[in-house]
Amino acid sequence: MVTPGAAMLEIRDLVVSYHGSRVLSDVNLRLEYGDSMAIIGESGAGKTTLGLAIMGFSEGTTSGQICWQGRDLLRLPEEDMRSLRGKVVAMVFQNVEDALNPVLNIHDQVKEAMTVHRNGPGHAASARAFGLLEAVGLDHERAKSFPHQLSGGERQRALIAMALANDPDILILDEPTASLDSVTKGDVIEILRAAASDKISLVITHDISTAASLSKKMAVLYAGTIVEMGRTEDLLKNPRHPYTRGLIRSYPNMTTTKDLQGIPGRMDREADGCPFHRRCTQRTDICSRLPPSMQETNGRLIACHRGGIVPLLKLRGITKSFGQREVLSNVSLTVLEGETLAVVGESGCGKTTLARITIGLCDPDRGDVLFEDETLRVRGLEFYRKVQMIYQNPAESLSHRMSVLDLVREPLDVQRLGGRQEREASVRKALDDVELPSDDRFLARYPHQLSGGEAQRVAIARAMVLQPKLLIADEPTSALDASIQAKILRLLQNLQEKRGLSMLFITHDLALARKVSDRIAVLHRGMLVEEGPASQVVSSPAHPYTRCLLEQAARLDATIGSPGVESSAGRGAAAQDRDRWIGAAAVNR
């Protein structure tokens with residue numbers, strides 16, 4: 001037994017190349033007794049290659065070190081390495097069909113894994129094989145089956161039993177739950193969690209839920225390079241590298257619907273500089289020239305020239321009163337590059353005032369607005385090239401004296417961007433993006449000739465024609481029907497994915513906030529009462545007022561699903577709960 005905390009497996013500057021092309025580049029990992037680490041990344045990132053290199057199965061050219069208790073596994077003779085495989089280090093392979101021998105039944109294959117190492121007499125190995133198979137859910141009868149007689153989940157369980165046969169110190173799990181249904185997947189995860197509790201385990205997967213269930217630490221691999229590493233819980237709740245955030249956004253989540261966004265572009269192993277820079281929306285010149293070094297910040301290792309995802313907008317201690325009424329009280333918020341922060345609350349809570357202060361339409365009594373780390377005093381043309389606002393009422397932003405063409409083109413005219421033909425082409429493209437006609441007849445219309453939904457979409461096109469970095473959206477879809485609203489929100493999310501667009505999204509609709517936001521901030525009577533990841537705020541609200549908002553939203557959803565089911569008494573009770581909270585908040589304030 002190895003003493004807990006003693007270093008067992010250390011990977012130093014590992015490089016693996018196939019035909020002159022690097023698959024892994026300078027990988028460094030340290031795993032100790034009891035550690036469980038997940039390696040996540042897209043297909044082709046090099047995850048399986050890492051597992052095969054540790055097992056000594058890599059057919060590529062390797063350099064660096066893989067040390068286990070002081071022995072470099074890369075330099076061991078094949079005979080010595082063969083004696084370690086299965087006994088010291090074992091692997092559950094991704095492709096179960098190739099990993100099992102079709103002419104031996106499952107019991108005999110698990111038994112063989114022990115007898116090849118002369119691990120006890122044959123009858124003891126046979127009994128242990130039956131015991132292991134029963135532990136993973138395969139009874140005596142199924143243990144005598146051949147691989148083709150088992151389901152995919154059963155074959156996966158057999159491979160787990162085989163990997164555990166010699167009680168190895170190091171367990172490598174390569175996509176251990178791939179292609180399994182949710183019930184079987186849950187069973188397999190429980191089995192693996194119990195089996196790996198006293199070992200070093202390396203979980204190689206693209207399945208974030210599996211990684212979260214089976215690991216305490218996580219490393220994110222991109223094009224053979226580790227770009228972020230830290231505690232699993234911290235990394236999933238607060239990804240710091242743009243690629244990590246993209247992976248998490250791509251994965252379907254039961255507690256929020258802002259997912260399946262994807263990452264623009266494709267992986268390029270031959271890229272100079274940072275391997276992710278061609279797909280990164282916050283890249284700078286240095287990113288294309290120099291690979292970033294791994295830096296540690298607050299227990300997190302990040303390989304990024306900018307230190308990870310950067311703040312774009314900071315609101316610090318914003319306080320605003322109109323007469324004797326304090327509308328905002330010491331509100332501080334940060335919007336990161338490429339994220340959506342939804343600000344929710346009842347009418348009159350200060351949401352629109354916060355938006356108007358940010359865009360510069362009114363000044364705070366106290367506090368600062370910072371954009372790209374510069375405190376804003378006077379907002380010039382450059383600021384409005386990067387920051388635009390969509391107003392709740394299109395009449396606020398559309399002059400009745402201007403045609404659609406003039407309205408959408410005006411920001412380009414003010415900024416003096418491009419010639420007349422280029423500006424008109426940009427106008428037509430912006431109108432196409434919001435699914436409005438772009439023919440000459442429509443361009444010649446005036447706001448009073450448009451429906452409310454058309455006017456709002458013209459306002460959105462006007463805001464987006466400059467391709468801003470930050471969009472302040474004040475109830476941007478409240479005047480649209482449900483179908484157009486869905487399309488506009490999908491458009492905004494697509495722009496976020498492709499351009500790194502950041503959004504300060506003002507809404508009273510929690511269901512909408514849940515679908516579009518990365519984080520949610522809750523305002524009540526001008527005070528920030530709760531802020532956090534959207535999934536956390538929606539599924540586990542910490543503040544009583546947030547719970548009131550969610551309960552009201554749930555009651556509305558129930559009414560939509562079953563009209564007339566909710567009683568007036570139920571609505572009264574909800575209102576009383578809310579009133580009690582509001583009254584208490586007013587007294588405390």
Side-chain angles (χ1 to χ4, degrees), residues 1-2 8-9 33-34 36 51-52 54-57 68-69 71 73 76-177 180 184 187-204 214:
M1 178 65 68
V2 179
M8 289 182 63
L9 181 66
Y33 179 77
S36 54
L52 293 175
I54 297 171
M55 290 290 293
F57 284 145
W68 176 76
Q69 291 189 339
R71 304 171 71 186
L73 303 185
L76 286 182
E78 174 57 25
E79 184 177 347
D80 291 349
M81 193 64 208
R82 190 180 299 120
S83 68
L84 297 180
R85 289 191 198 110
K87 189 173 184 179
V88 170
V89 54
M91 186 168 181
V92 177
F93 294 91
Q94 178 179 0
N95 194 336
V96 294
E97 285 77 12
D98 293 340
L100 293 171
N101 188 334
V103 300
L104 289 178
N105 66 44
I106 297 302
H107 165 267
D108 288 347
Q109 293 191 55
V110 177
K111 177 183 174 182
E112 183 184 48
M114 289 177 277
T115 56
V116 74
H117 289 289
R118 298 177 182 149
N119 198 353
H123 66 275
S126 178
R128 177 167 169 77
F130 278 124
L132 284 168
L133 288 168
E134 185 175 355
V136 298
L138 297 175
D139 59 24
H140 192 282
E141 181 179 349
R142 299 304 284 165
K144 287 294 187 178
S145 301
F146 289 84
H148 71 275
Q149 297 173 315
L150 301 178
S151 69
E154 288 174 324
R155 289 195 292 269
Q156 190 77 1
R157 294 171 189 233
L159 281 178
I160 293 170
M162 193 182 304
L164 297 175
N166 295 292
D167 195 21
D169 295 291
I170 304 166
L171 187 61
I172 303 171
L173 309 170
D174 188 8
E175 301 289 3
T177 61
L180 299 181
T184 304
D187 292 342
V188 168
I189 285 175
E190 289 302 317
I191 292 167
L192 290 173
R193 186 185 288 125
S197 61
D198 61 347
K199 307 179 186 303
I200 287 179
S201 63
L202 195 66
V203 184
I204 295 167
L214 291 175

Starting at [atom1] of [X], measure out to [atom2] of [Y] and round the result to the nearest 0.5 Å.
X: L9; Y: Q69; atom1: CG; atom2: CD; result: 10.0 Å
X: D174; Y: Q94; atom1: CG; atom2: CD; result: 5.0 Å
X: F146; Y: R155; atom1: CZ; atom2: CZ; result: 14.5 Å
X: L202; Y: I170; atom1: CG; atom2: CD1; result: 9.5 Å
X: L84; Y: I54; atom1: CG; atom2: CD1; result: 13.0 Å
X: S126; Y: D108; atom1: OG; atom2: CG; result: 8.0 Å

Run the numbers on R157 and L150 for side chain to side chain contact (heavy atoms under 4.5 Å, CB included), then give the verdict. CA-CA 10 Å; R157 294 171 189 233; L150 301 178; over 6 Å; no
Tell me if a side-chain donor or acceptor on [X] pairs with a main-chain N or O of [Y] at a distance below 3.5 Å.
X: K199; Y: P168; value: yes
X: H107; Y: H140; value: no
X: D169; Y: I200; value: no
X: Q109; Y: N101; value: yes

Under the side chain to side chain contact (heavy atoms under 4.5 Å, CB included) rule, what do V203 and L192 come out as? Steps first, then yes or no, please. CA-CA 10 Å; V203 184; L192 290 173; over 6 Å; no
Over 60° means perpendicular and under 30° means parallel, so classify the ring planes of F57 and F93, tilted if in between. tilted
Candidate pair M162 and L100, rule side chain to side chain contact (heavy atoms under 4.5 Å, CB included), full reasoning: CA-CA 10 Å; M162 193 182 304; L100 293 171; 3.6 Å; yes
What are the two closest non-hydrogen atoms of [X] and [Y], and how far apart are they?
X: V92; Y: I160; result: CG2-CA, 4.1 Å
X: D80; Y: S83; result: O-OG, 2.5 Å
X: A158; Y: L133; result: CA-CD2, 4.2 Å
X: A143; Y: N105; result: O-OD1, 3.9 Å
X: L159; Y: A99; result: CD2-CB, 3.7 Å
X: A90; Y: A163; result: CB-O, 3.4 Å

Could you note down all residue pairs passing salt bridge (Lys or Arg N to Asp or Glu O under 4.0 Å) where residues 129-143 supplies at least one of them, sequence neighbours left out?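 Qualifying pairs, neighbours excluded: R142-E154.
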Intermediate values then yes/no, side chain to side chain contact (heavy atoms under 4.5 Å, CB included), L171 and L164: CA-CA 8 Å; L171 187 61; L164 297 175; 4.0 Å; yes
Residues that R71 engages under salt bridge (charged side-chain N to carboxylate O under 4.0 Å, His left out), provided they are two or more places apart: none
Residue pairs, two or more places apart or on separate chains, that pass ring-ring contact (aromatic ring centres under 6.0 Å, His included) and touch residues 147-174: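 Output for this query is empty, none listed.
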Derivation of the salt bridge (charged side-chain N to carboxylate O under 4.0 Å, His left out) call for E79 and R82: CA-CA 5 Å; E79 184 177 347; R82 190 180 299 120; over 6 Å; no
If we only count heavy atoms from C-beta on, is the [X] to [Y] side-chain gap below 4.5 Å?
X: Q149; Y: I106; value: no
X: D167; Y: R128; value: yes
X: V89; Y: W68; value: no
X: V136; Y: Q156; value: no
X: Y33; Y: D198; value: yes

